[in-house]
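Please read through the structure below; I'll follow up with questions.
Just so it is clear: chains get the letters A, B, ... in the order the sequence lines come, proteins before strands, and each one is counted from 1. Everything numeric here is computed off the predicted structure, so don't read it as measured data.
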Amino acid sequence: MQARYHEFQQLNLPELEKEILQSWEKDKAFEKSVTNREGAKPFIFYEGPPSANGLPGIHHVISRTLKDLVCRYKSMKGFQVQRKGGWDTHGLPIELGVEKELGITKEDIGKKISVEEYNQKCREAVLRYKDLWDDLTRKMGYWVDLDNPYITFENSYIETLWWCLKELYKKGYLYESVSIQPYSPAAGTGLSSHELNQPGTYKDVKDTSATVLFHVPLSAGERGSEANASHSSLKKLTDAVAPGADSEPTGKLYIMAWTTTPWTLPSNLGLAVGPNVEYSLVKTFNPYTGLPSSVIIATALIPKYFKEEGKDISFADHKEGDKFLPWKVITTFKGAELDGLKYNQLLPFEANSLDRVREITPEADPFKVILGDFVTTEDGTGIVHMAPAFGADDFKAGKKNNLGILTLVDREGKFVPGVGEFSGRFVKNYKSEADYVDVNVDICVLLKKESKAFKIEKYEHAYPHCWRTDKPILYYPLDAWFIRTTALKDRMVELNKTINWKPKSTGEGRFGNWLENMVDWNLSRSRFWGTPLPIWRTEDGEEEKCIGSIEELNSEIKKASTALRGETNKHYLHEGLLDLHKPYVDDIILVSESGKPMKRVPDLIDVWFDSGAMPYAQWHFPFENRDMVDPEKGEARAFPADFIAEGVDQTRGWFYTLHVLGVMLFDSVAYKSVVSNGLVLDKDGNKMSKRLGNVVDPFKTIGQFGADATRWYLVTNASPWENMKFDVEGIREVQRKFFGTLYNTYQFFALYANVDGFAFKEAYIPVKDRPEIDRWILSSLNSLIRKVTLHLNDYEPTLAGRAIEYFTDELLSNWYVRLCRRRFWKGEYEKDKIAAYQTLYECLETLMRLMAPVSPFFSDYIYRILDKVTGRLGVASVHYTDFPVENPEVIDLALEERMQMAQDISSLILSIRKKVNIRVRQPLQKALVPVNGKDMEEQIRKVEDLIKAEVNVKDLEYLSGSNDFIHKKVKPNFVALGKKMGSKMKAVAAAIGGFTQDDIKKLELTGEIELMIEGTPIIIRVDEVDIQSEDVPGWMVASKNALTVALDIQVSPELEKEGNARELVNRIQKIRKDQGYELTDRIDVKLAGNEKLIPAITQFNNYICAEILADTLELVPEIADGTAIEVNDIQLKVLVSKKG
RNA sequence: AGAUCCGUAGCUCAGCCUGGUUAGAGCACUACACUGAUAAUGUAGGGGUCACCAGUUCAAAUCUGGUCGGGUCUACCA
């Protein structure tokens, strides 16, 4: 028996997906989809490795859908798309998770638990949820190679990382330096940028802020003045503070600077001014001691410190306690003029004397004004206090200007000895002491007493806190290794411009800016579970060695053992180092060129290096798979990527590190196209978080609605780079509207194709020989192929999906199938019917292939059913097929346009019927369509039959433009006229609006008309206006845009008879259905009860019988137990009985 | 604080690049139809100062500047 198309009881996406999944697994469908394309041009894709120590969420589904659909699409387009999965297994989140689980802190590692045990725990924790992740991957239909993933903790992976590091080292891009890093004294540990970005780390706190005065010695009598003796602005300053003729009190010269961390003031080594900022020298009194003083402050910030009322008032009359301080601007100058000016140290102690500074930085030249571009006049005084140890800007500027460095606070957060009364005191209340006295306040008190403070106040601002101890962090100088990314900044910027970013703004803006402002990459992490930095160094730091491979290491191990003898490396001589992690790697001692022992520097490297090096490390390059990345000749098969996609939060993460390493190692981009998707928010627009309990469980969603509906929703709801408000109602809608419609369409096809035994065995009927409507839907289908291909090539899956939806709902289901229903269930199995089947089949099959990348399950399911019956493509899965290619010969835009007109005209006629309450079953005589020109008439004529059938009207008449019959209205075509008329446009519009019917007629006949506008004659041509039919007197009229339709609503007795016949057909069909007859059952019908129907029945007997598949239709006097029905208020009884 | 995206109907989104005179769709809601593919469909209806302010223009949802609100990323900001 001939194979049948499966007819569903109901659509159950999750069930159907389970079935497909099983078959994919059985057939190794994914593997096959890759091997099928063996030898084809590769499309290179990189999987950004997720970390499997957390649970997968719905946001992972969006980016993975995106990745999957592109890869599936490219496979169907004939590329071979390898997709190696991967796991990110190092790093802080994993360590923190383990610490939490074990109930320990970082300080306990190596004490309560050995590093060996700890790392073992991490190794176990890292793939804790791997099974769950794999399950999600499967269930969501994400095709990626899970059997041979790259795992970042494996030796081979780390070996490639070491190779990369050594390459950078050889090029001089790897260096060590002190840098200022966030540091938590309370926890005794440095903090990573991730930790600093934990929610809630920035807290609003009230700190004691101080505006302090740095004394600038000018005159010979003042201590330190000799340092300024040769300063270029000396004279200007000296003159300014000299006693004036008014004999107002003069005072010392001070520079004002503001800080929210007074505890850094003893460590002050410089003051920064903006080179182009304007500063004023203001004469006033010290508010605390009343001493006359002259202060330097940015002009723009004077109002913050001085009240307008005090300006230029008498100094002599000033008494202590007055409301306003008198003040007066003496002179102004640019910051650049202050460059190099020396001041006396603010808080000199034993520990911060110049000698002590020079012990650390021998040539240091501190206590002077320097220039800094970072200085603004937004707050403070426009002059920034520089404590190089406690701020990154300070450090940088200090280095540049040779200020030296002072670290008067130890790692516990308290002042070191030698800072007078402050020695030994904590700078913040790190120990939660109940009786803690704020040292910042005491410093301020001291400054006030010494006339060195101008304003002390509480200041509220956001300050980062250690998320673990809740204590404020401070910035502290720590040793760290860096990659000199800035050396290749220009090249990175240049190459970035060649990357296709979706959306563009992320690449140009967010990423571009980031590159422009890049700083060297701080690689060091003082942690335990991660890739060790493969650098060994002698104790004096004079000699060091960077190791680039396991082989090199093992040979060095032997060398050192021989050279240093004794116990050195004795456990590692035979098999080498078996695990490259701590603590083992730290046991290794190497020997320097001069024969000294070298120990590994203790740092691990940033995990982002792990993922950034993934293009090379996933293939264990260069130790294996050489030609994947850097072939001797020809193209690399796995570098750079054609496409990557991740969340926008990876811009500074993975996207950045990939780019950096691609450029630094190979002078190449690492990826050619990148799609960054937005966040998934809950339906109210809040970020999903465990705390709010609004996290959507992807398993639940997929289980309930199916992966396809979920994927389709995620893709079509909004462009992937926009933040998406996730609402399951949306999935429900997709399921019902799109998949439901598609399912109905398929179901309709299957139902009749099974009846007729259609299996596409007949020859393909040339499209030109098919009816208008078939040619139309095929034209639309090919237009759709074109659009979808364009959109997918452009990484715009949202637009592709929406186009498919539109075609399915509006064109295929609501128009083609609706209008063609009769062709499927009426008549013999001959050419027209076969054409209909072939057309609908082609639409369905093509749709399945078009949607396969986005909804891989449903499309494969339906495709398989179709192809199993027809064997048309003879390919076992839709995912092995080629993506459809448009056939331009089938596309007929004029046809698509006129079908649109047919839909519009039908819609208008239906709306008139509605208005006058005449149902569609009642035939009407005719409709009038005013047309503009022959073309329009031609167009409509070709679809006339469809319109007539759809709206049940017998004739369609056309009214040409010259007809007096129609009232018209005219409106200027603003696009055409606007440019020409310019400011006269309003007057022209008014004039055109006032046209009479005669004016319009004249315009139409002669093609133009002359107007007088503001005294100037103006010619208006007919193509510069839009003429529309407005009304047909005596008819019911409806119009939309340029189309107008008039309908004859007279129901003649003849029409009424026909209407009755149709009503009767409708009633009997209903009875057939109620009585559960098969579509093909033949029946006998008896009618009784009302003579009014006799004319209709007699005249339309054949028609009625044909419609209802009746062999006989008789009128009988009486029916005992028939069904009572009503046709247009006529009561009667019917008896329907099945034949045989 | 900076960068960036977003703000159009109760909800989800088109339209903006390329300015043009009734601002669209789907969902939801109301009513009436239709139905031998019906968890559909058709018709009609209500629902919008296109976040706000200013500017450019004959004409602004659309271009420019600013403000406000939301999201994200980055940030030592004195």
>> Say we look at U74(B) and G47(B): how far apart would their C1' atoms be, to the nearest angstrom?
In response: 42 Å
> Using purine N1 to pyrimidine N3 plus N6-O4 or O6-N4 for Watson-Crick, or N1-O2 and O6-N3 for G-U wobble, both under 3.5 Å, which nucleotide pairs with U67(B)?
Replying inline: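 A51(B) - that is the nucleotide pairing with U67(B), both distances being under 3.5 Å.
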> If you measure from the C1' atom in G7(B) to the same atom in U67(B), how many Å do you get, rounded?
Replying inline: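 Going atom to atom, C1' in each nucleotide, I get 14 Å.
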> Which of the following nucleotides, C77(B), A37(B), G20(B), is nearest to the side chain of Val975(A)?
Replying inline: G20(B)
>> Strictly by Watson-Crick or wobble contacts shorter than 3.5 Å, is anything paired with U62(B), and which nucleotide is it?
In response: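 Its partner is none (no Watson-Crick or G-U wobble pair with both distances under 3.5 Å).
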>> Suppose you measure atom P in G48(B) against the same atom in U8(B); what distance do you get, rounded to whole Å?
In response: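 Straight-line distance between the two P atoms is 14 Å.
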> Is a side-chain donor or acceptor of Tyr743(A) paired with a backbone partner of Asn12(A) at a separation under 3.5 angstrom?
Replying inline: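 No, Tyr743(A) side chain to Asn12(A) backbone: no donor-acceptor pair under 3.5 Å.
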> Distance between the P atoms of G20(B) and C32(B), in whole angstroms?
Replying inline: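 Those two atoms are separated by 40 Å.
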> Under 3.5 Å, is there a donor-acceptor pair between the Asn952(A) and Gln922(A) side chains?
Replying inline: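 Gln922(A) and Asn952(A) do not have a side-chain donor-acceptor pair below 3.5 Å.
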>> What's the gap between G24(B) and A33(B) when it is taken at their P atoms, as a whole Å value?
In response: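 Nearest-Å result for G24(B) against A33(B) at atom P: 29 Å.
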>> Check the phosphate of A37(B) against Arg823(A), side-chain N and O only, distance under 4.0 Å to OP1 or OP2. Yes or no?
In response: no
Are any protein N/O atoms closer than 3.5 Å to N/O atoms in nucleotides 58-62 of chain B? If there are, list each pair with its distance.
unit_1	atom_1	unit_2	atom_2	d
C58(B)	N1	Gly982(A)	O	3.2

> On a whole-Å scale, what distance lies between the P atoms belonging to A9(B) and A51(B)?
Replying inline: 8 Å
>> Taking only the P atom of each, what is the distance from G19(B) to U62(B) in whole angstrom?
In response: 12 Å
>> Below the 4.0 Å mark, does A37(B) have OP1 or OP2 next to a side-chain nitrogen or oxygen of Arg821(A)?
In response: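 For A37(B), OP1 or OP2 has a side-chain N or O of Arg821(A) closer than 4.0 Å.
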>> Please give the distance between the C1' atoms of U21(B) and U57(B) as a whole number of Å.
In response: 14 Å
